[in-house]
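First up is the structure itself, then whatever we jot down about it.
Chain letters run A, B, ... following the sequence lines, proteins first, then strands; residues in each count from 1. Predicted model only: the values in this text are computed from it and were never measured.
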Amino acid sequence: MQEKLQALKEEALVKITEADDLKALEAVRVGYLGKKGPITEVLRGMGKLSAEERPVVGELANTVRAAITEALEVKKQVFETEALNEQLKKEAIDVTLPGRPVTLGGPHLLTSIVTEIEDLFIGMGFEVKEGPEVETDYYNFEALNLPKNHPARDMQDSFYVTEELLMRTHTSPVQARTMGEYKGNKPVKMICPGKVYRRDTDDATHSHQFTQVEGLYVDKNVRMSDLKGVLNQFAKQFFGEEREIRLRPSFFPFTEPSVEMDISCKVCHGKGCSVCKQTGWIEILGGGMVHPDVLKMAGYDPEIYSGFAFGMGPERIAMLKYGVDDIRHFYTNDQRFLAQYHKA
Amino acid sequence: MLVSLNWLKQYVDLGSETPESLADKITKTGIEVEGIDYVSERLDHVVVGYVESCEKHPDADKLNVTKVNVGDEVLQIVCGAPNVETGQHVVVAKVGAVLPGNFKIKQAKLRGVESNGMICSLQELGIQEQYVPKDLADGIFVFSESVQIGRDVTDYLNLDDAILELGLTPNRSDALSMLGVAYEVAAILNEEVILPDESYTTTDEQATDLVSVKVEATDDNPYYGAFVAKNVTIKPAPLWMRNYLMAAGIRPINNVVDITNYVLLEYGQPLHAFDFDRFGSNQIVIRRAVANETFVTLDEETRTLNTEHLVITNGQTPQALAGVMGGFESEVNNETSTVLLEAAYFDGKVVRQAVKDHGLRSESSTRFEKGVDPNRVKRAGHRALHLLEKYADAKICVGVSEIDALDYSEKDVVITTERINDRLGTTITDYEIAVILDKLQFTYDQDQSTFTVHVPTRRQDITIFEDMLEEVARIYGYDYLDYTLPEGGQFAGKLSERQALKRFVKQVMEGAGLSEAITYSLTTTERATMLMAPDIKKQVISPVRLAMPMSEEHSTLRLSLLPELLAVASYNQARKEKDLALYEVGTVFVSDEKEITKQPKELNRLAGVLNGQWLTHPFQQEHKAVDFYVAKGIVETLVSRLGMDVTFAKAEIDGMHPGRTAEFYHEGQSIGFIGQVHPTLAKSYDLKAAYVFDLDLEYLYEHVDLEPNFNQIPRFPSMSRDIALVIDEMVPSGDVLATIKQAAGEHLFSLHVFDVYQGEHLPAGKKSLAFNLRYLDPTRTLTDDEVETSYEAVLAAVKSTHGAVLRA
């Protein structure tokens, strides 16, 4: 009986090896391990054996059954793997075809620039203020030391709605409004981005509507060197560490002394080239120390408080930073223009 | 202001400065040099020649054959200029000369006659045509004074000059004169200013005996001085003067006119020369014009005046519009022999009014408008007399007939070293401040650290401490200021809640696939009131229109962002960019007045426009054109992100598709609309099916809290039921939804439509709506009975409210 079991095992293992698909393998399993199979038969005949023989044969039968089962399992896995591989091969696709597009929008270039400027100044402790675009003559001009008949009003011909109301020509009225809000006894540290309007015919370099970002810091003991320091920090962060700044005297009715700030030319690093018209410098913004009359009109005592203010044009900055060659691009909203600046 | 450096050298030593180095210093100190223009370069082989003979070319009518003595030789030159004559001193470019424009002079044969050089016009030497005197414009230049034959012409014609173009800010009108620029440059270079010669000899005749002056408007005209110069010879002004005028952009005319212009540029003080014999009387009366008074200016235009204008009269008729332009009647001409010279101070306001009304801005008016130096008015007269004596052979009468109410006083401004340093963040010493004041040639009294500065009247812009602060800072040099950071209190910079919410809304829009556009606030009157949201329409009485628009296109403030966004869609579609999803966050301007007297309300809105395909993935045959539900999904995504429960209802809005437009509400308040643009309106934009949405951001600013609250994550399972109803097709799903919500009880926590069907298995006029209801109690597991009870209640409610029955 023991010999028979051994022979059955050898026989089964050979058949397993020879089986070439899952069906054949199943036939082997049924043939040897099934209820009517020879091993079951052997085990059924155990009752005829002696008490000594029975455990020995029983154990052997189990070993044989285990060996066959394991061989079947191993072979089955081989078949399954093959089948799966076959299946996967059939499922192959052209991975070089384009994916299903996920549409993402993006901010307008001017918004990106204004946001970056806002975040830089927020980092330096400035708050962001806003003001009306239809402004009173008082806030747009008079509170900024531009009384009626002031020659400097020529510099910014305006869109009037009535004699006393106009489209603001700069974001500077927000300075006066914010100082008024703080009632002359609290420091003011703010920037103000917004739309402004001038009586210009739209062309490549002029736009009747454009954007400004204004900044104002009023406190005790604010110095002109602070203006230089803050603007330098801004310029280095915004335009790059390697850029230098210089201040030049200028004139604005609401600041005294007044400055214009240039940054060193990105292309030639100050040597002079066609981008900077051979000067090595590019004008970026205007500013200065807040005029004492402006402080006074807003309720701040110029003997106690001093301050600085500055203003810049995001369109101009965008044109310089990205080489945009026509200011009208910002307002025609050609999708091909808008999409160029959705990267970051 | 155009500044000839050769001219400037007459007043201040420029040392070894090149035009570029000087320009850089001037720019850094406060006056922007906007450009440097070189008159020409130093020309070699271009010399003074003397025309010894001039004969007609044998074979050409328009050519002459000349023999020209150029000092070391006599050249035969063929010349085509009509004005060449024997005995002239002319400019000769010899063979080998290279004229501007790389024009090389070579030996040539003209119609068989040899020509060894060229006789030149001023234009050929590089001088702009518009500045060349009229009588020389069409021919060669002829010297009118004695010059040395054979000498290089560069010196005579000022060809080696460089012109700085100064961009003057409105405060620096002091630099509208050569002397003013000289003071500025002297301060920069630490040099002295050399003042011009104002001396002359006089006859025994008194000016006051010849002419009287009466000013009837002293506020407009605090000083008027009349000088008399007799026996003048009208001829060209000396060459050097004409050169400088041309360099400054003024065309020479004759010696008298040129002298007044020259002194205007030199002193910044406009003068006027009348022909005394044609002035019409021996009295000068300065008064306001009477209404509708007419007079002919020297450009031969008849001007109609009014009482806002100041005129110089002969007691009867106007002879000049004060500070602006002289009259044709008494203009200096070739026959003039007695000159009545006016040196006056006219108030800026009255001059500005005349300039505005007559469109006559001139070198004179510009200076009066900005304010001239009181102390230079009379001196300019003396300077002109000096030049008239010298270059017009004038006999000058003694004295001046004048009315003088002018304030000549200098303003005192007190500065202290400490305050200067406090404001600049510097450590400048008393000594350095004194040096700076000396450089500026400002006089002062010093008491240790306190300086009382006597500001010269040429600097009308300096009146307060801060003005002097700027003077000190700019001469000290902005480059030498430190970089410091404010030492004041610490501030926490951050966005306001409103600003943060605005940024959040933009992020949601961009995440949803829309790109930001920025359009103009000013639009046409028609577009301004188009597609107004219902909540805006309720508030508006009339749109805000500009008083004087430049064009109808940008005349009126918008009340909706949509009309201009549709224009953007149209623009893009015309450029084959059809698939478009844009949003804008912007302001509309709402006035509740018929006639605007106060600022309109400025309200922030969010608007979007969708056009073409929302989704395209061609090889998978996936296409999805934008439709109502795409637009609605964007709005729903936004409001759900903001934690708002919003309901939609069908709406009719002008310009929108009547069946595909919804208004939406939060807590009963209308906050916006979505829908398809009416096909007729869409067509006017050349668009087919455009979808839009518009939302009141102001409402969001007030009602949305971006701070999230923590809600316990449910620990007990939810239970789900589906319900399919058959219902009349006209009943909106939103109404059924609302009924279910109300009937389902407290445990319903989510409800949505998952199927809509209409067709063959249903009776006509009916539709099927299927809803999914989910129930949850956060504190325990719900029982089947509880859910069943709610389900029954829902069925009963939809049946009684909408006649809905369970679908079989």
Side-chain angles (χ1 to χ4, degrees), chain A residues 97 100-101 103-108 110-111 121-122 124-128 132-134 149 151-152 159-162 165 187 189 195 199 201 208-209 217 219-226 228-230 232 246-251 256-257 259 289 291-292 306 330-336 338, chain B residues 27-30 169-171 349 369-370 422-425 464 466-467 469-470 473-474 478-479 481-495 499 506 509-510 513-521 544 546-547 550 554 568 571-572 577 580-581 587 589 596 599-600 602 617 619:
Chain A
L97 281 170
R100 186 178 190 275
T103 316
L104 270 183
H108 192 283
L110 289 175
T111 301
F121 281 101
I122 285 173
M124 289 191 264
F126 285 72
E127 62 176 324
V128 179
E133 293 172 31
V134 178
N149 276 320
F159 287 124
Y160 275 88
V161 174
T162 68
L165 295 177
K189 199 172 185 187
K195 291 175 181 142
R199 218 182 155 73
T201 304
H208 76 278
Q209 173 182 322
Y217 175 45
D219 203 342
K220 289 167 186 165
N221 303 318
V222 179
R223 303 158 296 185
M224 198 162 158
S225 57
D226 296 336
K228 203 172 166 184
V230 165
N232 187 50
R246 80 169 181 186
L247 300 185
R248 282 181 290 109
S250 187
F251 171 76
E256 188 73 41
V259 307
M289 302 303 287
H291 196 287
S306 56
F330 297 108
Y331 296 97
T332 41
N333 297 290
D334 189 310
Q335 187 158 239
R336 294 161 296 182
L338 297 177
Chain B
T27 294
K28 276 166 107 176
T29 317
T169 51
N171 60 325
K349 281 198 276 297
E369 281 181 71
K370 294 180 191 282
D422 278 354
R423 284 288 185 267
L424 297 180
I464 57 173
E466 283 73 12
D467 297 327
L469 180 70
E470 180 171 75
R474 69 186 188 91
Y478 282 11
D479 281 354
L481 297 180
D482 278 342
Y483 296 97
T484 59
L485 289 177
E487 289 172 352
Q490 295 304 304
F491 298 84
K494 65 170 210 165
L495 293 176
Q499 290 155 354
K506 290 178 167 200
M509 284 299 116
E510 286 153 24
L514 286 82
S515 293
E516 189 187 15
I518 298 179
T519 63
Y520 295 130
S521 311
V544 179
L546 297 181
M550 289 177 76
H554 306 301
V568 170
Y571 175 94
N572 276 285
E577 294 286 315
L580 195 82
T587 305
F589 301 82
I596 310 296
Q599 285 168 285
E602 300 191 10
H617 194 207
F619 82 83

Review point. Any idea which heavy atoms bring A:L247 and A:K228 closest together, and the distance?
Key: CD1-CG, 3.7 Å
Check your understanding: Would you say the side chain of A:V259 lies within less than 4.5 Å of the side chain of A:R248, judging by non-hydrogen atoms?
Key -> no
Check your understanding: Can you tell me how far the NZ atom of A:K220 sits from the OG atom of A:S306, to the nearest 0.5 Å?
Key -> 11.0 Å
Review point. Between A:Y331 and chain B, which part of the residue has a heavy atom less than 4.5 Å away: side chain, backbone, both or neither?
Key: both
Revision key, fill the gap. For B:I464, the side-chain contact (heavy atoms from CB on, under 4.5 Å) test, sequence neighbours excluded, returns A:H291, A:P292, B:E466, B:D467
Point to revise | For chain B, the option from A:N221, A:V230, A:L97, A:V222 that forms the most heavy-atom pairs under 4.5 Å | key: A:L97
Check your understanding: Which atoms of A:L338 come close to chain B, meaning under 4.5 Å heavy atom to heavy atom: side chain ones, backbone ones, both, or neither?
Key -> side chain
**Study point:** Pairs of heavy atoms under 4.5 Å with chain B: top-ranked of A:F159, A:F126, A:F330
**Key:** A:F159
Practice item. Find the one option among B:K349, B:R423, B:E487 whose heavy-atom pairs under 4.5 Å with chain A are most numerous. Key: B:R423
Check your understanding: What residue in A:D219, A:T103, A:I122 has the most heavy-atom pairs under 4.5 Å with chain B?
Key -> A:I122
Practice item. Calculate, to the nearest 0.5 Å, the distance between atoms CD1 and CG belonging to B:I596 and B:L546 respectively. Key: 11.0 Å
Review point. Pick from B:D479, B:N171, B:T169, B:T484: which one has the most heavy-atom pairs with chain A under 4.5 Å?
Key: B:T484
Review point. So which of B:I518, B:L481, B:L514 has the biggest tally of heavy-atom pairs under 4.5 Å with chain A?
Key: B:I518
Point to revise | Top contributor to chain B interface from A:P101, A:P249, A:S250 [non-hydrogen pairs under 4.5 Å] | key: A:P249
Review point. Which atoms of A:L165 come close to chain B, meaning under 4.5 Å heavy atom to heavy atom: side chain ones, backbone ones, both, or neither?
Key: side chain
Check your understanding: Can you say whether A:Y217 sits under 4.5 Å from chain B via the side chain, the backbone, both, or neither, judging by heavy atoms?
Key -> side chain
Check your understanding: Which bit of B:Q499 is near chain A, if near means a heavy-atom gap under 4.5 Å: side chain, backbone, both or neither?
Key -> side chain
Practice item. Determine, stepwise, if the pair B:E516 / A:T111 fulfils side-chain hydrogen bond (donor to acceptor under 3.5 Å, both in side chains). Key: CA-CA 9 Å; B:E516 189 187 15; A:T111 301; 2.7 Å; yes
Revision key, fill the gap. Scored by heavy-atom pairs under 4.5 Å with chain B, the best of A:T162, A:T332, A:T201 is A:T332
Exercise for review: Name the option with the most non-hydrogen atom pairs under 4.5 Å to chain A; the candidates are B:P486, B:G425, B:A492.
Suggested key: B:P486
**Study point:** Heavy-atom check, side chain of A:R336 versus side chain of B:N572, under 4.5 Å
**Key:** no
**Study point:** Winner by heavy-atom pair count (cut-off under 4.5 Å) against chain B, out of A:R246, A:E127, A:Q209
**Key:** A:Q209
Practice item. Determine whether B:S521 and A:K195 make a side-chain contact, defined as any pair of heavy atoms from C-beta on separated by less than 4.5 Å. Key: yes
Practice item. Give the member of B:F619, B:F589, B:Y571, B:Y520 that has the highest number of heavy-atom pairs under 4.5 Å with chain A. Key: B:Y520
Practice item. Return the option, out of B:K494, B:H554, B:K28, B:K506, with the maximum number of heavy-atom pairs under 4.5 Å with chain A. Key: B:H554
**Study point:** Contact class of B:T29 relative to chain A, heavy atoms under 4.5 angstrom
**Key:** backbone
Practice item. Rounded to the nearest 0.5 Å, what's the gap from CZ on A:F251 to CD on A:E256? Could you check? Key: 7.5 Å
Review point. What's the shortest heavy-atom distance between B:T519 and B:V568, and which atoms?
Key: CG2-CG2, 3.7 Å
Point to revise | Non-neighbouring partners of B:D422 that pass salt bridge (charged side-chain N to carboxylate O under 4.0 Å, His left out), sequence neighbours left out | key: none
